[in-house]
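Heavy-atom basis, side chains included; hydrogens, waters and symmetry copies ignored. In this text, all values refer to a predicted model and were calculated from it rather than measured experimentally.
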Amino acid sequence: MTSDLDELDKRILRELCTGIYSYDQLAQTCGVTRNTIYRRVDKLEKLHFISKKIMAIPDFAKLGLSAIIIGMDVPYRDIDKVIDTIKLHPDAKFLWRTYGEHQVKVIMVCEKGCEGGAIERLRQVLAKFDPAEMHISIGFAWEKIEFSPF
């Protein structure tokens, strides 16, 4: 699939990884026309290299909400089932399959003061899995830090 990409496609992908750009900015940076960028971005989207979505992670505390970060060590045979189960949890807002200490990470969002109820609801939906084989870490009271990684 990467053989479908030429140097311009790869350059566009590298530029997109450094921040958010308009088609005009990408065209100027890459030395091509806006129409070329539009066609290439469309191609990259159809090939599933990029996905155009608008997503914001707000400052939950200012909204009277709590965000709970949960990392789970799950037996390999259960990972897909655990992920499918968490997808149905109404408080689960962000979900990742990861590699390392925790194979599944989830961020749950609930009203401030209702954290215990959200965790108990998660515990109930995960009750069908053997708790002796799972290790769950829960983090509270986190602060969003603004930074530019590139």
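Although no hydrogens or angles enter the test, the distance criterion places no donor-acceptor pair under 3.5 Å between the side chain of Glu111 and the main chain of Leu65. Remark: the backbone N or O of Asp91 is paired with a side-chain donor or acceptor of His89 at under 3.5 angstrom.
In this structure the side chain of Thr85 reaches within 4.5 angstrom of the side chain of Phe129, judged on heavy atoms. No side-chain heavy atom of Trp96 sits less than 4.5 Å from a side-chain heavy atom of Val104. Residues Leu44 and Asp9 meet the side-chain proximity criterion, which asks for heavy atoms closer than 4.5 Å. Asp78 is not listed as a side-chain neighbour of Met134, based on a closest heavy-atom distance of 4.5 Å or more. Side-chain contact between Gln28 and Arg34: absent, with no pair of heavy atoms (C-beta onward) separated by less than 4.5 Å.
With values rounded to the nearest 0.5 angstrom, Leu88 atom CG is found 12.5 Å from Ile83 atom CD1. Here CD1 of Ile136 is found 7.0 Å from CD1 of Ile70. Values are rounded to the nearest 0.5 Å. From Ile12, atom CD1 reaches atom CG of Leu8 across 4.0 Å, with rounding to the nearest 0.5 Å. Taking CD1 of Ile69 as the reference point, atom CZ of Phe94 lies at 10.5 Å (rounded to 0.5 Å). A distance of 8.5 Å separates CD1 in Ile50 from CG in Asp42, rounded to the nearest 0.5 Å. Atom CG of Leu122 is separated from atom CE of Met108 by 5.0 Å, given to the nearest 0.5 angstrom.
The two atoms that bring Lys43 and Asp4 nearest to each other are NZ-O, 3.0 Å, heavy atoms only. The two residues Ile68 and Ile138 make their nearest non-hydrogen contact at CG2-CG2, 3.5 Å. Smallest separation of non-hydrogen atoms from Gln103 and Val74: OE1-N, 2.9 Å. Across all their heavy atoms, Lys93 and Pro90 have their closest contact at NZ-O, 2.9 Å. Closest heavy-atom contact between Ala92 and Val106: CB-CG2, 3.8 Å.
Pairs engaging residues 122-136 under the salt bridge (Lys or Arg N to Asp or Glu O under 4.0 Å) rule: Arg77-Glu133, Glu120-Arg123 [sequence neighbours left out].
Classification of Arg97 and Asp80 as a salt-bridged pair holds, one side-chain N sitting under 4.0 Å from a carboxylate O. The pair Glu7-Arg11 does not count as a salt bridge, with every side-chain nitrogen at least 4.0 angstrom from each carboxylate oxygen.
Using cut-offs of 30° and 60° on the angle between ring planes, the pair Tyr38 and Tyr23 is perpendicular.
Between the side chains of Glu115 and Ser66, at least one donor N or O sits under 3.5 Å from an acceptor N or O.
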Original post:
Can you list the steps and then say if Lys10 with Asp6 is a salt bridge (charged side-chain N to carboxylate O under 4.0 Å, His left out)?
Top reply: CA-CA 6 Å; Lys10 292 174 186 176; Asp6 64 14; over 6 Å; no

